[in-house]
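The chains referred to below are lettered A, B, ... by the order of the sequence lines, with proteins before strands, and numbering in each begins at 1.
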Amino acid sequence: MSKLIRWRYPARWTFFRMDDRLLLMIIGAIVGVCSGLAALALYWSLETLLEFFHHYRHYWWAFVLPAVGAALSSLFLNKIMNEGAGHGVPEVIYSVSRYGGLLRARSSFSRLISSCLTIGFGGSAGPEAPVVMSGSAIGSNIARFFSLNDRQRITLVGCGAAGAISSIFNAPIAGLVFTVEVILGEWTALNIVPVAIASVAGCEVSQLIRGNHVAFAHQQFDIGIMDIFACIALAGFTAAASILLTRALRSMHTVSSKVKIPLWARAAVGGCAVGAIGIFLPDSMGEGYHAIQSMVENGYTPGLKIAAFYVLAKILTTSLTLGWGGSGGVFAPCLVIGSFTGLAFHRAISFIWPGVAWVNEGCFALLGMAGLISGILQAPLTGIFLIVEISGGYAVILPLILVSAVSTTLCHYVEPASFYLKDLVEKGQLLRPGTDARVLSDLKINELLETDCIAVRPDMLLRDFIEILTRSSRNYFPVEDEKTGRFLGMIHLNDIRPYLFNQGMHDAVFLEQIMDTRIKRVHPNYNLNDVLQIMDTDGLFSMPVVSNKRFLGMISKATLLDQYRRELMVQTSHQ
Amino acid sequence: MKLSVSETAECLNIPLSKIERWIRQGRIPIKKSGRTIYFDRTILEEWAKSRNLQFSPPTKESDRRVSAAPETLHSTILRGGGLHIFAAGDVNGAIRGAVDIMQVADHTKPDIYEKLIEREEMSSTGIGKGVAIPHPRGPLEEGPFQAVITACLLDTPIDFSAVDDKPVFAMFVLLCPDIKIHLHLLSRLSFCIRDGKFIQFLKNRPQTETFLSEIKSFESRLDS
Amino acid sequence: MEPQIFHIFRNTPLGRETLLQSVYFSQKIKASPLVYIPKFTKFLMYFDNDVVQIDLDESYLSSPATAEEHAVELLKQGEIEPVFFDPKNFTASTLPDVPTDFDFMCCPRSISDLSSKIGLGYIGPRVRRIVRSAHFPVLITSSVFKPWHSIGVFFGGSSNAVNALKLGFRMSRESGFPLDVFTQAERRKKEAYEEIIKKEGLEDDMKKYVRKWYIFDTGKFDENLYNVPHNALVIMGAFGHGLVKDIFFGSKMEKIQSVVPNNMLIVGPKYRALS
């Protein structure tokens with residue numbers, strides 16, 4: 001019996017008294033395996049569904065299929081799981097930055113199923129974001145089960161994300177880099193090691209079950225100096241495609257939210273449109289890995305115009321699927337759009353300068369992918385390492401770095417925040433570790449309250465007040481009603497300075513005549529950011545904190561600086 | 001050594017709610033026994049040092065009590081041996097005389113004398129109405145470690161180049177272990193001297209006992 | 001700072017009774033209610049080590065046009081300044097976050113299922129989860145507004161029960177109502193309970209606030225519950241033992257809440273006692 005009770009509280013196991021780092025590594029490995037399995041589960045069910053529906057693609061009514069899938073997935077998310085739509089990565093980042101990575105247990109499988117429905121039925125979306133969400137939720141809930149603290153929980157959330165990415169792409173470094181660059185936003189030894197281990201664990205799981213299969217088998221690329229110049233131009237195109245995709249997604253979302261029909265019907269409308277396009281351009285449906293495969297292996301037959309047209313078609317189907325309420329991410333569509341862009345670009349330059357010995361199409365498809373990933377996610381390292389790993393070699397590293405860097409920079413000019421972070425940045429919710437916003441959001445007003453002010457009554461004579469002045473160490477005095485305790489106003493030393501040595505005034509003036517009743521006050525629920533804004537615009541150095549008409553204390557810039565500095569030092573120093 | 005959460009908040013001089021948040025966020029090294037959380041002092045001190053935070057060890061109850069009881073004129077004059085009466089010709093002589101009868105360790109007296117004269121040369125300590133308050137500029141290194149006031153009356157008033165140019169007939173020599181007590185005693189003394197009755201009372205050359213009781217009654221008025 | 005009680009307003013007759021109960025509670029202990037009129041059927045509460053999604057039933061969204069008006073009217077009747085909560089942070093666009101640093105929270109017995117289930121013997125799973133992870137006690141109201149004039153604490157000796165007792169002292173001090181303590185002695189003698197009180201240093205408070213300490217040596221617990229005054233606010237600890245023990249032995253809380261229709265203030269295992 002007592003043993004059973006002990007098992008109920010894992011936080012009390014002696015196992016957890018051991019070293020913090022070792023603990024995180026062990027749990028990180030477990031999380032990596034779990035999220036790797038989740039990723040594989042989605043992968044397999046997608047394969048099965050696609051296989052199953054393959055036979056029905058030729059019927060005239062096939063265009064309804066994506067509609068059914070999107071409607072089902074929207075119903076599942078909104079009615080059964082009661083979760084909002086969206087691909088989930090911003091939610092993970094939000095939770096990591098504000099709530100120590102707390103995620104709901106239901107998130108660990110809900111997106112898997114809903115995105116499986118959307119993509120399996122032919123919607124154009126990627127399985128990566130749902131898998132990242134699931135992996136993160138698995139990590140978060142394992143941490144919760146073991147009652148770990150926020151810092152450890154955030155690391156495990158990262159472990160989940162890394163395990164998922166590395167398992168689905170069989171790319172451990174990409175998993176690690178994606179987590180650090182996009183999810184966590186900080187490189188520290190404490191984070192990296194468990195995340196790396198989880199990444200390896202996730203990858204190992206995938207290799208055990210799927211076999212060690214590098215997505216695009218090792219190919220020989222001979223890259224000449226002309227190709228390097230071409231890359232820079234290619235980066236321009238990929239950046240344009242990224243911006244187009246971002247804009248299309250957003251405008252689709254605004255359009256669809258204006259249509260007053262139920263969410264599932266909205267998703268169905270989007271799905272129908274995707275299905276209709278899919279009849280003519282079948283490669284723009286689904287997650288699109290098969291198309292990428294044939295492009296990289298130089299086996300894609302359609303010509304330049306069709307490839308270029310596919311870039312636009314894929315952007316359209318993706319935004320129709322996601323913008324109208326389907327479930328999934330943009331990662332895989334990015335790869336598809338990227339490879340079409342690369343392919344079209346290659347065909348165009350071979351057409352214009354047939355004499356130059358360009359490297360083969362596959363290489364440009366790969367570069368296009370990297371360009372799109374770097375452009376949309378504004379995470380150049382993720383793009384570089386992902387392509388290096390899925391192409392199985394460093395042959396393309398030089399143009400890869402070039403395309404990624406240029407594409408990220410160009411996109412940054414037009415869209416300052418990446419696709420994942422845009423909403424968060426707009427709402428001011430992106431609180432990366434060690435930043436000003438983070439420190440300010442962590443500090444609460446009641447931690448800064450100075451409560452050693454002496455309260456005075458409104459009917460007090462100046463003479464009595466001067467008496468109190470000699471005992472006080474502060475310049476501010478709150479005036480409170482004697483009976484109700486209500487805060488009436490404030491007296492600052494400056495207010496009485498002119499009368500201080502004027503004996504005649506001492507018995508003639510009551511405090512209520514001097515006090516400042518219109519002084520700006522703050523409520524303890526205010527954000528420090530807002531408080532500082534008020535202080536700056538009004539040129540104040542301290543303000544009274546008032547709740548329900550009662551004076552609680554003063555908040556001043558001096559104390560704020562003191563506490564801010566301590567907070568910053570505690571948050572930014574790592575051992 | 002174990003420290004509780006609230007003790008730690010006090011040592012680091014940080015609000016309790018902040019410490020609790022740090023624990024939740026995993027920013028501060030903790031130890032657990034069962035459900036209760038505690039801190040290891042050596043680990044905590046090292047942690048605080050590496051983050052540039054002040055760590056002041058918990059103060060003991062007895063230390064606080066000493067600083068809590070403030071000095072009064074009565075107690076310090078009593079410590080100085082009550083009221084002394086002697087004759088002197090000039091400022092140096094008066095101070096020499098006061099130092100000679102001072103109730104402090106003998107080996108410190110030359111230093112005290114030197115410091116008092118040094119202060120006097122900067123500007124006179126005669127604060128008017130025939131009263132002077134010689135004192136050194138800062139606390140003396142070799143003591144006294146408790147505040148002492150040596151109250152002296154001079155047989156004949158001497159020229160002290162005081163602010164109001166009146167000859168000085170009474171001296172209160174202040175020796176304090178720190179500036180705070182010095183200012184505290186000085187403000188009390190000036191409160192007494194401001195009163196014309198007190199000056200008159202001094203001019204009548206009271207006995208030590210009556211003098212002390214008069215001081216006491218003045219102070220009780222101040223404290224009320 | 002005044003204690004704050006968080007109230008989710010439901011613009012239905014049932015919600016009116018609940019709000020009246022919160023208003024009465026606030027008047028008695030001089031708390032200020034913070035009223036949330038939901039605009040979405042779900043919200044998240046982030047606790048220290050848990051995140052709870054609360055799915056409200058549709059009745060919370062009914063007739064939003066009059067909701068604020070009704071709430072203001074009820075609060076004004078109770079001479080309380082209406083303060084409304086407006087969520088600032090959103091996890092997703094339709095998923096607001098509700099802070100968790102209140103001093104009390106008012107819940108009906110169930111907030112996520114249909115109102116038909118609001119009856120004795122049933123506390124919804126979300127309410128349980130709030131109780132389990134909250135720092136604050138949860139006020140579970142009776143279905144019809146009923147003023148209370150005394151306070152009854154169930155004290156079984158566990159650490160949670162000690163917290164409940166401390167809360168009882170605080171409530172009695174703030175409201176001025178008499179306090180009764182109820183203990184069902186199982187296997188232990190009266191002295192054992194007194195020992196616990198002594199160890200916690202609560203003897204003085206016991207003398208000061210407690211009107212009567214009922215210790216039942218005999219009889220079934222359910223039957224003894226008849227001694228609880230009908231107009232008492234019942235305070236008790238919950239989930240102090242962990243799941244396993246609850247399944248094997250049944251929990252006292254379950255028993256009490258299925259028999260006693262009074263307003264209840266439930267103290268969870270994470271509650272931080274303020275004295």
Side-chain angles (χ1 to χ4, degrees), chain A residues 6 9 11-14 16-21 23-24 96-102 143 147-156 190-191 431 433-434 438-439 441-451 467 470-471 524 553 559 562-575, chain B residues 2 5-6 8-40 42-56 67-68 70 179-180 183-188 190-191 194 219 221-224:
Chain A
R6 209 154 9 116
Y9 294 105
R12 293 194 207 157
W13 298 349
T14 33
F16 285 91
R17 304 276 159 76
M18 67 186 194
D19 187 62
D20 184 61
R21 292 163 201 232
L23 175 82
L24 277 182
V96 163
S97 59
R98 195 171 268 280
Y99 298 107
L102 276 171
S147 308
L148 301 183
N149 60 36
D150 286 10
R151 184 176 50 78
Q152 295 164 321
R153 198 187 303 119
I154 288 173
T155 308
L156 289 187
L190 268 175
N191 278 342
L431 312 168
R438 180 58 193 267
V439 175
S441 87
D442 272 349
L443 286 172
K444 294 280 172 294
I445 288 192
N446 56 12
E447 289 173 15
L448 304 170
L449 224 49
E450 300 160 2
T451 50
E467 197 57 32
T470 56
R471 282 191 277 126
T559 333
D562 184 39
Q563 298 290 346
Y564 181 96
R565 215 179 123 252
R566 285 180 198 193
E567 188 70 35
L568 192 67
M569 283 188 296
V570 170
Q571 288 202 3
T572 50
S573 64
H574 301 279
Q575 284 171 332
Chain B
K2 285 183 184 180
V5 178
S6 51
T8 307
E10 211 169 290
C11 288
L12 292 170
N13 189 20
I14 276 172
L16 190 61
S17 56
K18 196 186 193 105
I19 297 278
E20 278 168 354
R21 178 163 58 76
W22 280 352
I23 293 172
R24 179 159 50 81
Q25 295 180 326
R27 300 201 190 285
I28 186 166
I30 56 166
K31 298 251 170 181
K32 272 187 181 174
S33 80
R35 263 196 202 180
T36 49
I37 290 169
Y38 67 92
F39 296 88
D40 186 295
T42 40
I43 294 177
L44 196 66
E45 261 177 83
E46 213 160 277
W47 175 86
K49 206 174 152 197
S50 74
R51 277 152 185 81
N52 251 339
L53 297 178
Q54 283 291 329
F55 185 92
S56 46
S67 57
I179 298 285
K180 219 171 172 178
L183 290 177
H184 171 74
L185 290 174
L186 200 59
S187 90
R188 280 173 173 249
S190 66
F191 175 78
R194 230 181 324 166
E219 285 198 302
R221 251 191 287 160
L222 235 167
D223 288 332
S224 63

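- A donor-acceptor pair is defined here as one N or O able to donate and one able to accept, closer than 3.5 Å; such a pair exists between the side chain of A:Arg151 and the backbone of B:Gly26.
- For the residue pair B:Asn13 / B:Gln54, no side-chain donor-acceptor distance below 3.5 Å is found, with atom types taken as modelled.
- Residues B:Phe39 and B:Pro29 come closest through the heavy atom pair CD2-O, 3.4 Å.
- In this structure, the portion of B:Ile23 lying under 4.5 Å from any heavy atom of chain A is its backbone and not its side chain.
- Contacts between A:Asp562 and chain B at a heavy-atom distance below 4.5 Å are absent for every atom of the residue.
- Nearest approach of A:Ser441 to A:Leu431, heavy atoms of both residues: OG-CD1, 3.5 Å.
- Interface remark: B:Arg24 contributes backbone and side-chain atoms alike to the contact with chain A (heavy atom separation under 4.5 Å).
- Although no hydrogens or angles enter the test, the distance criterion places no donor-acceptor pair under 3.5 Å between the side chain of A:Arg153 and the main chain of A:Gly101.
- Neither the backbone nor the side chain of B:Leu16 comes within less than 4.5 Å of any heavy atom in chain A.
- Of all the listed residues (A:Leu448, A:Asp150, A:Ile154, A:Leu568), the one sharing the greatest number of non-hydrogen pairs under 4.5 Å with chain B is A:Asp150.
- Heavy-atom pairs under 4.5 Å with chain B peak, among A:Gln152, A:Lys444, A:Glu567, A:Gln563, at A:Glu567.
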